[in-house]
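Lettering follows sequence order; numbering is per chain, from 1. In this text, all values refer to a predicted model and were calculated from it rather than measured experimentally.
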There are 2 protein chains.
Amino acid sequence: MNREHVQATVTVDLVILTIRDNRLKVLLIERGNQPFQGQWALPGGFIRPDEDIDDAALRELSEETGLEGRHLHLEQVRTYATPGRDPRGRVVTVAYLAVAPDLPMPTAGSDARSAKWANVSRVGSLAFDHADILRDAVEMARSKLEYTTLAAAFCPELFTVSDLRRVYEVVWGTRIDPRNFHRKVVGTKGFLEQSAARRNPLIGRPALLYRRGPATALYPPMLRRSDSLASISSAT
Amino acid sequence: MNREHVQATVTVDLVILTIRDNRLKVLLIERGNQPFQGQWALPGGFIRPDEDIDDAALRELSEETGLEGRHLHLEQVRTYATPGRDPRGRVVTVAYLAVAPDLPMPTAGSDARSAKWANVSRVGSLAFDHADILRDAVEMARSKLEYTTLAAAFCPELFTVSDLRRVYEVVWGTRIDPRNFHRKVVGTKGFLEQSAARRNPLIGRPALLYRRGPATALYPPMLRRSDSLASISSAT
DNA sequence: GCAAAAGTGTTGCAGGTACACCCATGA
DNA sequence: TCATGGGTGTACCTGCAACACTTTTGC
C-alpha cells in the first residue's frame, strides 16, 4: 500500500441501550487509562487483524454484557473520523447501536475502572466525541421504533403488550393510549406471536404473553406524534 | 499508539445518483490501475491527513462532478471493513450517498480510464464490494424518499411538480397518480416554495415552477405502496 | 377546436384517535 | 365488592386512492 496514504487505527464504539426502572439507559464505562482517564465513555475497542467490524462489535458487546448475540439487536450507526477526535493519533471509530432486554449490572472490563447504566436523559459530557455518538444513536433508535419492530428487542423472550408499549413510551418520552396501541400491534401481522402463557400483574387482569414475530418492518408505521418532546439534554 | 492495534487505510466511496432520460443513474468509473484494472467501480479515494471523512467525500464529489456542494445532497451510508475486501491490505471504506440534479457527462479522473452514467437497474458486477455498497445506498435513497424531502435534491434550482413526481416514479419504479401527488406535495408545508415563473411544456398547460423549501422531514410520510417492484438486478 | 399536460372537486375507504365499556384477577 | 390493569366496541376524523372534471397552453 502506498506510503502516502493515511494509516488510521480503527475502533468500534457501542451504544448499548436498555430499559431499567422505566428509564432509557445506556451502558457507560469509566476509563481506566489515558486519554480521558477517569471520565465516562462508551464501551468499545480496537478491531483485530482479520476481524470484520460487525464481528468486532459483537465481540465487544459480548465482553461488556456477557450475552451472546441471539437476543440482541446490533447495527451500525455511522463512522466518526474527525481529525483530533482522539489525542493519540488518527483514530476512526465505527459506532454501533445495540438494544437489549433488561441486563444485569455490568462489570468493569479490562480497560474500565467501573461501569454503570446511565439515564440517557441525564448523560453529561463524555470522553472523545461520545456525546455526539450517543445523541445520533438514540435518535436512530427513536426513529427506528416508528417503522421497524426494534421495540421488541428491548423486551425479554416473553413479554406483554404493556411491556412493549412501555418501550415506546420510555424511548419517545410520550404517552400512548393503551387500548389503541394494543389493537395496532396485535393487528400487525408478524410483529407478535402469542404464547400459551399469561402473566399476572400485582393487581388486575392477567395479560397474554407474546414473543417476537418474524416481521422486521412495520407497515403502516407507528408514527410519533409531533408533540413528542423527547430530547437528550447533553452538554455537547 | 500501541503497535498491536491494526492500522488500516481509510477510503471514501461515493454512490452518486441522478436521473437522466427518465432512468436512475449512478456514476461509475473504469479503473485505470490495479487492482481490478479495467473493471467498473464507484468513484472514491483515500482520505488525506487531517481531513475529515465528510470533507473527503465532498472533495471527491467535486473532483468527479465538477460541482460544489451547494446543490448536492451528501450523507453517509455505512462503513465496509470486511478483511480481504481490498487485495492490497486492510482497507476500510466509508460509503456516501450523493444525490444531484442532472449533471453533465463525467470526465475521466486521474485514476480512471473513463467514466459513465450507468442505469442502476442494469449494473452488473463491480470492483471490490461496490455492488453491495451500491445496493445499500440505493435502498437508502428509496427509503429516504418516503419520509424526507430528498427527492427535491434530484431536481435543479427550479422544477415543476411533475419533475418531482418523476423522481419518485423513477427511483421507486412505480406509477403515482399525478393529481393526488400534486395535492400532497403542494400541501406539505415547507416542501416546495412557489416561484414567480412558469414553464411551458411542448404541449399542454404551463406548470408553476417551485424551488426547495426549508423542510427536511415529510410528515405524514409519502409511503410506498407495497406493490413497488423496484429492485436492483445486480450480480452480487 | 383538439390534444395534452396542469390542476381542482368529490366520494369512498383505511387507519388512527378518543373514549365508553366489559373482563379477569387479587385483596 | 372494589381497585386495577387487560382488552373490545364504536363514533369520529384525517388523509389517501380513485377518478370525473375544469383550466391553459401550442398547433
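Looking at B:Tyr80 and B:Asp136, their side chains do bring a donor and an acceptor atom within 3.5 Å of each other. Checking A:Asp102 against A:Thr18 by side-chain atom types alone, no donor-acceptor pair falls below 3.5 Å.
Comparing C:dG7, C:dT25, D:dG6 by their nearest atom to the side chain of A:Ser162 picks out D:dG6. Listed nucleotides: D:dG6, C:dG16, C:dA24. Nearest to the side chain of A:Pro206: C:dA24.
No engagement by B:Thr160 is indicated, since no non-hydrogen atom pair under 4.0 Å with the nucleic acid exists. B:Pro178 comes within 4.0 angstrom of no nucleic acid atom, judged by non-hydrogen atoms across all strands. Residue B:Leu223 is classed as having no contact, given no heavy-atom separation below 4.0 Å to the nucleic acid. When heavy atoms are screened at a 4.0 angstrom cut-off, B:Arg198 is found touching the sugar-phosphate backbone but no base atom.
For A:Lys184 and C:dG15, the shortest distance from a side-chain N or O to OP1 or OP2 is not below 4.0 Å. Phosphate contact (OP1/OP2 of C:dA24, side-chain N/O of A:Asn200, threshold under 4.0 Å): absent. Contact check, A:His182 against D:dT8: a side-chain N or O comes under 4.0 Å of OP1 or OP2.
Rounded to whole Å, atom P of C:dA24 lies 11 Å from atom CG of A:Leu208. In this structure, the CE atom of B:Met222 is 14 Å from the C1' atom of D:dA17, given to the nearest Å. A:Leu202 places its CG atom 15 Å from the C1' atom of C:dA24, with the value rounded to the nearest Å. A straight line from CG of B:Asp177 to P of D:dA20 spans 11 Å, rounded to a whole angstrom. Separating the CD1 atom of A:Ile203 from the P atom of D:dG5 is a distance of 8 Å, rounded to the nearest angstrom. As a whole-Å value, the separation of A:Leu209 CG from D:dG6 C1' is 12 Å. Rounded to a whole Å, the CZ atom of B:Phe181 is 17 Å from the C1' atom of C:dT8. The distance from atom CD of A:Glu169 to atom P of D:dG5 is 13 Å, rounded to the nearest whole Å.
A donor-acceptor contact under 3.5 Å links the side chain of A:Arg183 to the base of D:dG9. Taking 3.5 Å as the limit, the base of C:dA6 and the side chain of B:Arg205 contain a donor-acceptor pair of atoms between them.
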Tell me, with the steps shown, if B:Tyr147 and A:Tyr147 meet ring pair (Phe, Tyr, Trp, His ring centres under 6.0 Å).
-> CA-CA 11 Å; B:Tyr147 53 94; A:Tyr147 52 94; 5.5 Å; yes
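Aromatic ring pairs are classed by plane angle as parallel below 30°, tilted from 30° to 60° and perpendicular above 60°; the pair B:Tyr168 and B:Trp172 is perpendicular.
Mapping B:Gly204 and B:Asn180 onto DNA chain D via the closest heavy atom, the residue that lands nearer the 5' end is B:Asn180. Where B:Pro201 and A:Arg165 meet DNA chain D, the nucleotide closest to each residue was compared, and A:Arg165 sits on the side nearer the 5' end.
Within 6.0 Å of CZ in A:Arg199 there are more than 12 heavy atoms belonging to other residues, nucleotides or ligands.
Annotation: side chain of A:Pro101 is not in contact with side chain of A:Glu157 (no heavy-atom distance under 4.5 Å).
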